[in-house]
4 protein chains.
Amino acid sequence: MPKLGMEPIRRAALVKATIDVIGAQGSLDVTVSQIAKKAGMSSALAHHYFGGKDQIFLAAMQQILRDFGAEVRTALRAARTPRARAEALISASFAPSCFDPATVSAWMTLYAQATTQPEMHRLLRLYQRRLQSNLTHALRPLSPRPEADAETLGALIDGLYLRAALARDRNAETALATALSVLDRLTGGQK
Amino acid sequence: MPKLGMEPIRRAALVKATIDVIGAQGSLDVTVSQIAKKAGMSSALAHHYFGGKDQIFLAAMQQILRDFGAEVRTALRAARTPRARAEALISASFAPSCFDPATVSAWMTLYAQATTQPEMHRLLRLYQRRLQSNLTHALRPLSPRPEADAETLGALIDGLYLRAALARDRNAETALATALSVLDRLTGGQK
Amino acid sequence: MPKLGMEPIRRAALVKATIDVIGAQGSLDVTVSQIAKKAGMSSALAHHYFGGKDQIFLAAMQQILRDFGAEVRTALRAARTPRARAEALISASFAPSCFDPATVSAWMTLYAQATTQPEMHRLLRLYQRRLQSNLTHALRPLSPRPEADAETLGALIDGLYLRAALARDRNAETALATALSVLDRLTGGQK
Amino acid sequence: MPKLGMEPIRRAALVKATIDVIGAQGSLDVTVSQIAKKAGMSSALAHHYFGGKDQIFLAAMQQILRDFGAEVRTALRAARTPRARAEALISASFAPSCFDPATVSAWMTLYAQATTQPEMHRLLRLYQRRLQSNLTHALRPLSPRPEADAETLGALIDGLYLRAALARDRNAETALATALSVLDRLTGGQK
DNA sequence: AATGAATGAGTTTTCATTCAT
DNA sequence: GATGAATGAAAACTCATTCAT
């Protein structure tokens with residue numbers, strides 16, 4: 001068995017460490033040194049593998065979105081009806097993992113940085129398009145205007161998440177219930 | 001007799017400069033020196049009048065929310081029916097001034113900082129509660145569940161704003177239309 | 001009655017304020033603004049009357065030494081014998097007023113600044129010469145080597161004060177007792 | 001393999017530079033930049049190795065006391081009789097190295113800072129206790145009240161040092177002679 | 001006489017980044 | 001592949017001092 005290149009291992013460790021550190025201190029004001037230390041290596045090595053702080057951050061965001069995407073896919077796979085698929089998409093957005101402090105901070109960072117950093121902007125758009133496309137597909141059999149309703153639902157999800165994430169009292173359930181009730185209205189309660 | 005009454009002038013100038021600088025560079029990574037320079041004074045004076053960077057920021061955010069609040073009140077005053085009041089609230093959220101780059105950056109900053117800075121968190125909650133209260137009041141004659149619908153509309157507005165603000169192509173109108181159409185559905189189209 | 005010039009009043013207020021502020025915060029790291037505020041005037045006025053921070057400090061030190069000198073003279077006036085005079089000189093050095101935090105800080109400052117600031121050095125020498133002269137005079141009828149013994153006693157007083165002042169547990173009495181017992185030995189217990 | 005083991009070297013260089021700079025300018029108002037420059041490195045590195053200015057200062061003071069302690073131990077080792085030990089302790093306090101401008105400034109700084117900085121206070125107490133203990137031990141066979149006499153001698157040494165150090169005309173010898181003569185009196189001239 | 005206004009020069013401190021080994 | 005060493009550049013903040021009124 002050949003000795004594996006360290007690169008993917010190191011990169012993964014750094015990405016995980018980034019998310020951990022952001023979560024631990026609930027803020028994006030983390031230093032490369034903190035991240036590298038958490039990942040068990042020198043900050044010089046972090047630079048070596050990523051080139052710079054921005055890219056480490058970017059990779060961490062990508063990872064979070066990738067994780068989220070995976071959860072969504074898993075949920076979708078288990079859903080047997082269009083209605084179930086729509087519900088799965090909504091539920092995934094309010095899953096406990098989405099309210100992990102690290103995830104919340106990362107999302108807020110993403111929003112804030114999307115105004116200036118093209119890469120972050122691209123990432124955010126990617127997430128939005130994917131959600132839009134998934135929702136549209138699920139709503140097609142249920143709604144006369146699937147695109148428009150998907151847009152509405154997507155925005156509603158984001159807005160509800162924003163509020164639930166920033167409220168100290170974890171009311172993810174309320175947010176979820178609200179979103180599902182809107183789904184009901186949009187689809188006339190069809191299953 | 002010394003030159004008198006500069007404090008409010010300087011403070012206002014600094015607040016304006018803060019918004020300008022954030023808007024101009026589309027990012028929250030602005031320094032006190034940049035702000036002070038833009039406001040035509042030394043950074044020392046900025047510290048003298050505000051005490052520190054955080055407080056300058058806070059004052060700027062408060063100003064933005066105050067401006068927004070004023071616009072909302074003006075719009076409400078012209079509205080003669082509950083329906084018109086609801087529309088006014090929604091329209092105000094998608095007014096051109098809300099899409100000014102400085103305003104957008106400020107909002108994103110607010111979201112990002114609310115996770116850690118208690119003052120910013122308080123400010124954001126204040127905005128949310130005010131919107132919620134205004135919407136509930138407007139919906140009371142139109143909806144059987146005014147609180148729940150206000151919550152839905154509030155979150156929808158935030159979500160739509162987020163998307164419209166971050167999309168480079170200015171589609172505030174689409175967002176507005178979407179929000180109004182949801183208002184229609186929630187109220188059964190009553191006027 | 002002519003309206004008195006403000007100058008002496010302001011200067012006195014500033015000197016007092018300086019001592020107060022140093023005492024209150026137990027450190028020489030006080031700003032002109034703090035002092036001026038305490039004295040109820042603007043820092044600009046403080047500069048106007050004193051020319052600069054160093055001079056304010058110097059005046060404060062002079063005041064402390066002047067106060068100490070006055071106490072010494074009062075004590076000497078009440079002393080009827082050489083022995084009583086020597087005791088008065090020693091007692092004055094360990095009077096409660098000498099252990100006032102402001103006084104202690106001022107003395108330490110004086111020592112520290114005497115290495116560089118000629119004015120402070122002069123002031124310290126003045127104090128030392130005066131003590132030396134007073135002690136010598138008091139010891140002349142009691143000791144075969146009044147100068148040498150005065151030197152010894154003077155240094156001992158300084159050393160004991162240094163230790164008592166820096167010890168948190170106020171042991172001025174012990175220090176005083178030690179000094180007096182050495183006086184006894186030097187003079188063979190003569191009264 | 002990176003260059004290794006610089007930490008102790010850098011730390012030692014910084015400590016030495018601190019003492020040098022304080023000595024050269026005879027004042028405690030030295031900046032980290034000055035120290036770092038003298039030590040041939042960037043101020044950032046100084047912070048990296050020490051964490052902050054206060055800790056650099058503290059380390060410098062500790063070094064001075066350590067050096068002094070070493071001199072004392074060396075002198076004690078050569079002393080064969082109690083009397084010789086007492087003389088050694090006294091002589092060490094008036095050794096030429098104690099009158100090096102840097103050392104004098106450092107001592108004055110120590111006194112001045114001991115009123116506010118707990119670490120400095122601890123350091124000073126440590127020195128005082130060590131001297132006290134050494135003197136007591138040496139005086140035990142010579143004096144009926146070794147503790148009290150040690151206290152007297154210790155304070156006398158401090159007071160004489162203070163005066164000699166601050167007098168521009170180097171009269172360390174006179175101070176030493178005075179201290180030794182008091183030792184004689186306290187011990188009845190025993191050898 | 002008095003002061004609010006204003007600042008320049010300086011301080012400590014932080015950190016992403018580079019480099020020699 | 002890996003790291004300790006090192007720094008430049010910049011940040012926030014402070015304060016004695018000056019000035020116009």
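All of these numbers come straight from a predicted model, not from anything done at the bench. Naming: A, B, ... by sequence-line order, numbering from 1 per chain.
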A.B. asks: Give a yes/no answer on whether the side chain of Tyr49(D) brings an N or O atom under 4.0 Å of OP1 or OP2 in dA6(F).
C.D. replies: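 It does, given that an N or O in the side chain of Tyr49(D) lies less than 4.0 Å from OP1 or OP2 of dA6(F).
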A.B. asks: Show the nearest heavy-atom pair for residues Ala60(B) and Thr18(B), with the distance to one decimal.
C.D. replies: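 Here Ala60(B) and Thr18(B) meet closest at CB-CG2, 3.7 Å.
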A.B. asks: Which atom names give the shortest non-hydrogen contact between Leu14(D) and Ala36(D), and what distance separates them?
C.D. replies: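 Where Leu14(D) meets Ala36(D) most closely, the heavy atoms are CD2-CA, 4.1 Å.
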A.B. asks: Indicate yes or no: does Glu119(C) engage Arg122(C) in a salt bridge with an N to O separation below 4.0 Å.
C.D. replies: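 Yes, this pair counts.
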A.B. asks: Testing the basics here: between Ala13(C) and Met41(C), what is the closest heavy-atom pair and its distance to 0.1 Å?
C.D. replies: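 Minimum heavy-atom contact is CB-CE, 4.2 Å.
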A.B. asks: How far apart are the closest heavy atoms of Gly26(C) and Thr115(D), and which atoms are they?
C.D. replies: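 That would be O-OG1, 3.6 Å.
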A.B. asks: Extract the stems that DNA chain F is part of, considering only consecutive pairing runs of at least three Watson-Crick or G-U wobble pairs, both distances under 3.5 Å.
C.D. replies: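 Runs of three or more consecutive pairs: E:2-21 with F:2-21.
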A.B. asks: To the nearest angstrom, how far is Asp29(A) atom CG from dC15(E) atom P?
C.D. replies: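 So the CG-P distance, Asp29(A) to dC15(E), works out to 8 Å.
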A.B. asks: Quick check: on DNA chain F, is the nucleotide nearest Gln34(B) upstream (toward 5') of the one nearest Glu7(D), or the reverse? Name the residue that is more 5'.
C.D. replies: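 Of the two residues, Glu7(D) wins.
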A.B. asks: So which heavy atom on Arg10(B) is nearest to which on Gly40(B), and how close?
C.D. replies: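 Nearest pair, atom of Arg10(B) first, then Gly40(B): NH1-O, 4.0 Å.
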A.B. asks: Rounding to a whole Å, what distance do you find between Arg11(D):CZ and dA6(F):C1'?
C.D. replies: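 Nearest whole value for this atom pair: 17 Å.
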A.B. asks: Any donor and acceptor pair, going by atom type alone, linking the side chain of Ser105(A) with main-chain N or O of Ala102(A) inside 3.5 Å?
C.D. replies: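 No; judged by distance alone, with no hydrogens or angles, the pair does not exist.
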A.B. asks: So which protein nitrogen or oxygen atoms get under 3.5 Å of nucleotides 16-18 of chain F's nitrogens or oxygens?
C.D. replies:
unit_1  : atom_1 : unit_2   : atom_2 : d
dA16(F) : OP1    : Lys53(C) : NZ     : 3.0
dA16(F) : OP2    : Val32(C) : N      : 3.0
dT17(F) : OP2    : His47(C) : NE2    : 3.0
dT17(F) : OP2    : Lys53(C) : N      : 2.9

A.B. asks: Within this structure, what is the CE-to-C1' distance between Met41(B) and dG8(E), rounded to whole angstrom?
C.D. replies: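 Rounded to the whole Å, the gap is 16 Å.
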A.B. asks: How long is the line joining CZ of Phe50(A) and C1' of dC15(E), in whole Å?
C.D. replies: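 Answer to the nearest Å: 19 Å.
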A.B. asks: Check residues 48-58 of chain A and write down every donor-acceptor pair under 3.5 Å in which the side-chain atom is one partner and the other belongs to a residue at least two apart or another chain.
C.D. replies:
unit_1   : atom_1 : unit_2   : atom_2 : d
Lys53(A) : NZ     : Val30(A) : O      : 2.9
Gln55(A) : NE2    : Phe50(A) : O      : 3.3

A.B. asks: Search all heavy atoms of Gln34(C) against all heavy atoms of Asp29(C) and return the closest pair with its distance.
C.D. replies: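 Heavy-atom minimum between the residues: OE1-O, 4.1 Å.
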A.B. asks: To the side chain of Met6(A), which of dT7(F), dG1(F), dA6(F) is closest?
C.D. replies: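 Looking only at heavy atoms from C-beta outward on Met6(A), the closest nucleotide is dG1(F).
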A.B. asks: Taking atom P of dA16(E) as reference, at what distance in whole Å does atom NZ of Lys37(A) sit?
C.D. replies: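 Atom-to-atom, Lys37(A) to dA16(E), this comes out as 14 Å.
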A.B. asks: At less than 4.0 Å, is any side-chain N or O atom of Arg10(C) found next to OP1 or OP2 of dA2(E)? Yes or no.
C.D. replies: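 Indeed, a polar side-chain atom of Arg10(C) lies that close.
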A.B. asks: Tell me: CG of Leu45(A) to P of dT3(F), nearest whole Å?
C.D. replies: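 Spelled out: CG on Leu45(A) to P on dT3(F) is 5 Å.
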